[in-house]
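The next block holds one structure in the form of structure tokens; read it before the comments.
Keep in mind that the numbers below use all heavy atoms, side chains included, and drop hydrogens, waters and symmetry copies. These numbers were taken from a predicted model, which means no experiment stands behind them. By convention in this document, chain letters (A, B, ...) are assigned in the order of the sequence lines, proteins followed by strands, and residues within each chain are numbered from 1.
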Number of protein chains: 4
Amino acid sequence: MPKVTDEHRTARRSQIVEAARRCVIAQGFHKTTMADVIKESGLSAGAVYSYFKSKEELVAAIADEALGSVDQVFRAILASAEPVTPVNALRTALEYVVTAAEGPEGDVTRVGVQAWAEALHNEAIYATASSKYALLRGYFVDVADRAKADGTIAADADSQQVAQVLFGLIPGFVLQRLILGDVTPAGYTAGLAALIR
Amino acid sequence: MPKVTDEHRTARRSQIVEAARRCVIAQGFHKTTMADVIKESGLSAGAVYSYFKSKEELVAAIADEALGSVDQVFRAILASAEPVTPVNALRTALEYVVTAAEGPEGDVTRVGVQAWAEALHNEAIYATASSKYALLRGYFVDVADRAKADGTIAADADSQQVAQVLFGLIPGFVLQRLILGDVTPAGYTAGLAALIR
Amino acid sequence: MPKVTDEHRTARRSQIVEAARRCVIAQGFHKTTMADVIKESGLSAGAVYSYFKSKEELVAAIADEALGSVDQVFRAILASAEPVTPVNALRTALEYVVTAAEGPEGDVTRVGVQAWAEALHNEAIYATASSKYALLRGYFVDVADRAKADGTIAADADSQQVAQVLFGLIPGFVLQRLILGDVTPAGYTAGLAALIR
Amino acid sequence: MPKVTDEHRTARRSQIVEAARRCVIAQGFHKTTMADVIKESGLSAGAVYSYFKSKEELVAAIADEALGSVDQVFRAILASAEPVTPVNALRTALEYVVTAAEGPEGDVTRVGVQAWAEALHNEAIYATASSKYALLRGYFVDVADRAKADGTIAADADSQQVAQVLFGLIPGFVLQRLILGDVTPAGYTAGLAALIR
DNA sequence: TATGAATGAGGATTCATTCAT
DNA sequence: CATGAATGAATCCTCATTCAT
């Protein structure tokens, strides 16, 4: 019984998180009520509360997912054998962002932006954001190191600083995409390439 | 009577906005209640509501300010006679951001991040954000044009794309500053400079 | 100074009552706020409150007027030398009601209906309504007496009861006019005439 | 579960409406606060709001009931086989009114008068009042037709007009009963009878 | 005296969470 | 175990009235 129950529990949990995410994408964390999530998930109030003991916990779960989703892909792609220049790394990251944003789950980047705001006043989400972003930015340190190694950038450059910039370009892209709506991975990458040379 | 009254009204309005901003910086838009603002402002409920007819309107006013405050400075500085390279423009912008963030009013960038999230589900704030950010990014188009003119970047570069990148670096800085806490205008600028050559 | 001031005061008072009546006709007693009355009257809050020391007092003044306005006309007309049969008396009364209702002041009968409701929970208005309606109904006792005298109705009829019926027909007319909108003095009177013979 | 739940829901709803009616009878629509209704009903705010989504909706429900309650009885009684003369019909109606008014539920006619006033500025209540009163008055058209048939009134009388008068006598009775307090079905009916002959 | 800005108690409504069935 | 009705504290907002200028 344990295994079946476990799968069942996992499926249920996902069902709730996905429903909640849909609500949050559509209305944001605060306009989304537990009643909305309950209705959207098709479960009962009691059921939802047996998986998440408060709205805060559920919100944290959604935020975690949204903030962390990039990670897996990053690891795979940036750790590949291909020549990973800063520009390529950025493009890959942005392309993933757009793919995720246009996926069938709805635009996860909207949840991400919500999470940024939430992190400022919510310990748990702050902690998640800090650690996930530190991790993510770490990949760009690798990228910077490689770039120094192959002479793409100066050997005495500070890889941390370069990583800050490369990583920092991503929120800027996400925000412009959502609020100004006129950026593309290709164009944005071209902009960076133009600056670099 | 008009003049005194007008000044008075303006002062009162500021008194409210400032109180509200303090609350929002401390707790975010949603945890801030009108009662908080009323208490913090030292006025009565009725008085506050005679200046802002709803919480939404007050929130919009704070968001407007937070999103727009950069503008004035930008105009002055970027339009100066000094040689304005992309790197210099960015540094100036970031220095302003940090100055504002560390000002006596409290860290306005926190309000800015709140506003990003809010813009996704609030027409009025979305409109403000769109227009202010389009304007702001416009300054970087000028910067890019100058850079093309003096050979800092390739003459056939797309100024819009370059501006997207330069402008995009700012939210990335703000976010890292708030969530990772380890970025400085100097370091971030150095990172960009290292990438550029 | 007294006289001028007195006229002035009377004029001001009327100005307020008329403004208030317009508001009440449009929105009812309860949706009408003192702010509405103040704006409509063109005076200041202080001025309005120097004539009526509370909303209740102002409301009472409007109700008084609305409940009592019929009286003057009644006295004049019913006390005339003409042959005043029950049917004629009713018609005259209804014609006056319609005239007043269609007057330039707006439909006063709407205020009357408000006053009925208000009288149930407002001592002052209840007192006014009782006395005005007792007075008004009194005229119909006269009418009944005359009718008994000239054989229009049985000599042993109870004039009070007849007056109750004749007077009672008026609210019924007012209400049907406002809510069903299809009654006229002529038709209603014809209905009574048909019943009588 | 459906059946129990349904009965339960109906009972709860009645519990709320009855509590609200008691409040309205005692204080009128506007002085009655939701807090009053909540306390009087013995339920919680949330419970009350799960049955009526606003005070307006609850008020409309009470008004509906008050305006419509006569109907059922009318239908039964006026449609009976007994000889239904205008005078008898009126008496029956008035007796029902008094019975209802003196019932254990409290004086519903007070709610009715409130509803008249409310109908003037509330679409929903206006609609209810119009349709219920049109219906009610319709019964008196039948009465008039019968009276024409058996010669009680002239064959060429306009039944609509006669119905307007007969129906119109009721509000007049209700109002005099509440405000002057000296009418009885018997006396009022006698007054009409005296006029008729 | 006249003004109208300010007051603040009071009212309607929401919603995260619980727990009896 | 699951359900979803019920809870009630918390929140936004209004408006009659006052009083400093």
Atom pair distance, as rounded to whole Å: [atom1] in [X] and [atom2] in [N]:
{"X": "C/Asp36", "N": "F/dT14", "atom1": "CG", "atom2": "P", "answer": "13 Å"}
{"X": "A/Met34", "N": "F/dG4", "atom1": "CE", "atom2": "C1'", "answer": "14 Å"}
{"X": "A/Leu58", "N": "E/dA16", "atom1": "CG", "atom2": "C1'", "answer": "12 Å"}
{"X": "D/Leu43", "N": "F/dA6", "atom1": "CG", "atom2": "P", "answer": "7 Å"}
{"X": "C/Ile38", "N": "F/dT18", "atom1": "CD1", "atom2": "P", "answer": "12 Å"}
{"X": "B/Lys39", "N": "F/dC12", "atom1": "NZ", "atom2": "C1'", "answer": "17 Å"}
{"X": "C/Phe29", "N": "F/dA16", "atom1": "CZ", "atom2": "C1'", "answer": "17 Å"}
{"X": "A/Lys31", "N": "E/dC15", "atom1": "NZ", "atom2": "P", "answer": "12 Å"}

F/dA10 - base-pair partner by Watson-Crick or wobble geometry, distances under 3.5 Å: E/dT13

Assigned partner base of F/dT17, Watson-Crick or wobble definition, under 3.5 Å: E/dA6

Does the structure place the NZ or CZ of C/Arg12 under 6.0 Å from the centre of the six-membered ring of C/Tyr51, at an angle of no more than 45° from the ring's axis? no

Which of A/Arg13, A/Arg21, A/Lys132 passes salt bridge (charged side-chain N to carboxylate O under 4.0 Å, His left out) with A/Glu65? It is A/Arg21

Give a yes/no on whether any side-chain N or O of D/His8 is located under 4.0 angstrom from OP1 or OP2 of F/dA6. yes

Is the shortest side-chain N/O distance from D/Tyr49 to OP1 or OP2 of F/dA6 below 4.0 Å? no

Output yes when a side-chain donor or acceptor of A/Lys31 lies under 3.5 Å from a complementary backbone atom of B/His121, and no otherwise. yes

Looking at D/Phe29, is its backbone amide N or carbonyl O close enough to the side chain of D/Lys55 to form a donor-acceptor pair, meaning the two atoms are under 3.5 Å apart? yes

Determine the contact category for B/Ser54: base if any of its heavy atoms lies under 4.0 Å from a base atom, sugar-phosphate if only primed atoms, P, OP1 or OP2 are that close, otherwise nothing. sugar-phosphate

Side chain of [X] only, please: which of [options] is the nearest?
{"X": "B/Arg12", "options": "F/dT3, E/dA6, E/dA16", "value": "E/dA6"}
{"X": "A/Ala45", "options": "E/dT14, E/dT18, E/dA5", "value": "E/dT18"}
{"X": "B/Lys55", "options": "F/dC13, E/dA2, E/dT18", "value": "F/dC13"}

Between D/Gly46 and C/Tyr51, which is nearer to the 5' end of DNA chain E once each is assigned its nearest nucleotide? C/Tyr51

Whether the B/Glu118 and B/His30 side chains hold a donor-acceptor pair (N or O, under 3.5 Å, no angle test) is what I'd like checked. yes

The residue, C/His30 or B/Glu56, whose nearest nucleotide of DNA chain F is more 5′ is B/Glu56

When you match A/Ala47 and C/Thr32 each to their closest nucleotide on DNA chain F, which lands nearer the 5' end? A/Ala47

